[in-house]
Each structure stands twice: as structure tokens, then as C-alpha cells.
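Step one of this worksheet: look at the structure below.
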Amino acid sequence: QVTSFQGMAVRSLCTSSPHEHSEHGRLVYKGNLAKAVLGVRFFSYSTSIFNLFMVPYIMLKTGIGFESLLIQAAFYGLIGFFTFVTPVTLHILTKGYVIRLYYKDEKDTYTAITYNAILAEKATVFHQKDVKIPDITKMFTTFYAKTKSMLVNPMLFPNPQDYNHLMGYDKSFYFNLEEEEEAGERK
């Protein structure tokens with residue numbers, strides 16, 4: 001857009017966020033730990049790769065060796081444990097952390113953006129009826145979208161009605177006393 005300002009041409013650019021008008025819908029949630037999760041996982045991957053290349057080099061150059069095969073196996077097992085188990089554990093714990101959540105009104109669908117194993121963004125599309133709340137509160141799960149666990153912070157939803165709709169709290173509550181009594185008699 002070009003406008004005139006005291007005889008001079010001034011060009012203005014729109015600087016709206018790329019996430020506000022996304023093909024995924026309206027942005028309803030943005031996780032505040034996204035950069036921290038990415039940073040920790042990247043650091044873990046990089047230290048593991050460093051271990052893979054440097055430990056054999058150090059062992060060959062320093063001549064550190066163990067006479068006992070059992071001690072060698074224990075030493076390499078310990079190094080291997082921290083090299084491989086730490087990144088895998090971090091991936092398992094943080095794979096459901098929702099970076100951004102979008103909502104499409106016309107289809108009543110959500111798109112959750114998470115990180116996959118190679119630290120790329122992955123989109124998971126699900127319908128509100130696919131959301132299941134766990135019976136027991138779990139440490140890294142707020143809800144299940146189909147079968148995938150998702151972690152969100154309810155306090156980070158700018159509009160509380162968006163969280164209520166996601167979790168199904170805005171639906172009318174139906175309680176059938178007869179079905180409950182029949183279920184209690186069968187037990």
C-alpha cells in the first residue's frame with residue numbers, strides 16, 4: 001500500500017502474525033514452553049551426537065583401556081545409556097506438548113502443532129468429538145486427541161471458551177440415573 005505523506009511516497013507493509021490467518025484456522029492457543037522444549041531436545045541430540053563421535057576418539061588417543069571385559073562392558077553401557085536413552089526419554093515426555101492449537105469453526109476441527117522426533121513441526125488434525133479426557137490425571141497429558149496424548153496449559157488460552165469447547169465442557173450434561181443403577185446392580 002502506497003500513501004502520500006507531505007508530498008513523499010510512503011510504503012507501508014502489513015506485519016500481522018503469520019499464525020493468525022493460517023490455513024489451519026484461528027489460533028486459539030500458543031504454548032509458552034515451545035522454545036524451551038525445542039532447545040532442550042536439540043541440546044540433548046547434539047550432546048548425544050558429540051558422544052558418538054568423541055568417545056571412541058578419546059579412547060583411542062588416550063589409551064584408556066580396561067583389562068576386564070566386564071568393566072569395559074559396564075563403561076560402554078553407561079556411555080551408551082546416556083547417549084541414547086536421554087534423547088528418547090525427552091522425546092517421549094515432550095512429544096505431546098502442543099506448540100500451537102488452531103480451530104476451524106466451519107468444520108469444528110482442531111489442528112495441534114507439535115514437534116516430531118527430528119524436531120520438525122507436525123500437525124495433528126482432530127475433531128472435538130475425538131477429544132477424550134483421561135479418567136486419572138496424568139503428568140504429561142491434558143487430553144487425548146483420538147489416541148495421541150496432548151499437553152496444553154489451560155491458563156494460556158486467551159479465550160476460556162475455546163478451552164471449554166476443546167474439552168467438551170460447553171456441552172450440556174446428561175445423567176441417566178437408571179443406567180447408573182443398572183451398572184451398579186451388575187457389579
Side-chain angles (χ1 to χ4, degrees), residues 14-48 81 84-187:
C14 179
T15 58
S16 66
S17 172
H19 303 302
E20 289 178 1
H21 303 289
S22 173
E23 69 275 3
H24 299 300
R26 177 176 55 93
L27 180 67
V28 295
Y29 172 83
K30 188 171 182 179
N32 62 349
L33 296 177
K35 288 187 180 193
V37 167
L38 181 65
V40 167
R41 287 179 63 181
F42 180 77
F43 178 74
S44 176
Y45 286 176
S46 62
T47 57
S48 293
F81 177 80
F84 296 109
V85 172
T86 303
V88 170
T89 303
L90 282 172
H91 171 68
I92 290 170
L93 294 177
T94 61
K95 70 180 177 181
Y97 183 74
V98 177
I99 303 164
R100 293 183 305 276
L101 185 67
Y102 298 96
Y103 177 66
K104 276 193 177 177
D105 291 322
E106 61 272 3
K107 295 182 181 179
D108 196 26
T109 58
Y110 289 91
T111 303
I113 308 295
T114 58
Y115 289 124
N116 64 10
I118 58 170
L119 304 180
E121 290 186 358
K122 176 184 173 189
T124 304
V125 179
F126 58 95
H127 194 274
Q128 194 282 324
K129 66 182 175 189
D130 298 327
V131 173
K132 303 285 186 256
I133 301 170
D135 294 332
I136 300 172
T137 305
K138 298 191 176 183
M139 186 175 289
F140 296 103
T141 303
T142 307
F143 64 92
Y144 291 100
K146 299 180 182 173
T147 59
K148 184 174 180 175
S149 67
M150 299 281 179
L151 176 66
V152 295
N153 183 350
M155 298 300 177
L156 296 179
F157 281 83
N159 186 358
Q161 285 78 21
D162 288 329
Y163 177 73
N164 290 340
H165 182 70
L166 169 70
M167 301 299 279
Y169 297 151
D170 60 346
K171 294 179 182 175
S172 60
F173 182 70
Y174 176 73
F175 184 73
N176 190 344
L177 187 59
E178 293 173 3
E179 288 180 6
E180 290 295 319
E181 287 176 357
E182 288 177 8
E185 289 174 2
R186 283 186 252 150
K187 288 182 180 180

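Atom set for the values below is all heavy atoms of this structure, side chains included, hydrogens, waters and symmetry mates excluded. Fair warning: this is a prediction, and the values are worked out from it, not measured in the lab.
Within the 4.5 Å cutoff, the side chain of Ile113 has heavy atoms near those of the His24 side chain. Within the 4.5 Å cutoff, the side chain of Asn164 has no heavy atoms near those of the Phe157 side chain. Counting heavy atoms from C-beta on, the side chains of Leu156 and Tyr163 never come closer than 4.5 Å. Leu93 is not listed as a side-chain neighbour of Met139, based on a closest heavy-atom distance of 4.5 Å or more. Between Phe43 and Leu90, every side-chain heavy-atom pair lies at or beyond the 4.5 Å cut-off. For the pair Tyr115/Ile99, a side-chain contact is recorded, criterion being any heavy-atom separation below 4.5 Å from C-beta on. When side chains are defined from C-beta on, Leu101 counts as touching Leu166, because their heavy atoms get closer than 4.5 Å. Under the 4.5 Å side-chain criterion, counting only non-hydrogen atoms from C-beta, Thr142 is in contact with Met167.
Closest of all the heavy-atom pairs between His91 and Arg41 is ND1-NH2, 2.8 Å. The two atoms that bring Arg100 and Glu121 nearest to each other are NH2-OE1, 2.8 Å, heavy atoms only. Nearest heavy atoms, Pro87 versus Ser48: CG-OG, 3.2 Å. When all heavy atoms of Pro134 and Tyr144 are compared, the pair lying nearest together is CB-CE1, 3.9 Å.
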Run the side-chain contact (heavy atoms from CB on, under 4.5 Å) test on Phe81 and Thr86 for me, step by step, so that the C-alpha distance in whole Å, both residues' side-chain angles and the decisive distance to 0.1 Å come before the verdict.
CA-CA 8 Å; Phe81 177 80; Thr86 303; 5.8 Å; no
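Not a single donor-acceptor pair under 3.5 Å links the side chain of Tyr97 to the backbone N or O of Val37.
Separating the OG1 atom in Thr109 from the CD atom in Glu106 is a distance of 7.5 Å, to the nearest 0.5 Å. Residue Asn116 holds its CG atom at 7.5 Å from OG1 of Thr114, rounded to the nearest 0.5 Å. One finds the OG1 atom of Thr141 at 12.5 Å from the CD1 atom of Ile133 (value rounded to the nearest 0.5 Å). From Thr111, atom OG1 reaches atom CD of Glu23 across 8.5 Å, with rounding to the nearest 0.5 Å. Within the model, atoms OH of Tyr29 and CG of Asn153 stand 5.5 Å from one another, a figure rounded to the nearest 0.5 Å. We find the NZ-NZ distance between Lys95 and Lys122 to be 8.5 Å, quoted to the nearest 0.5 Å.
Tyr110 and Phe126 have parallel rings, their planes meeting at less than 30° on a 0 to 90° scale where 60° marks the start of perpendicular.
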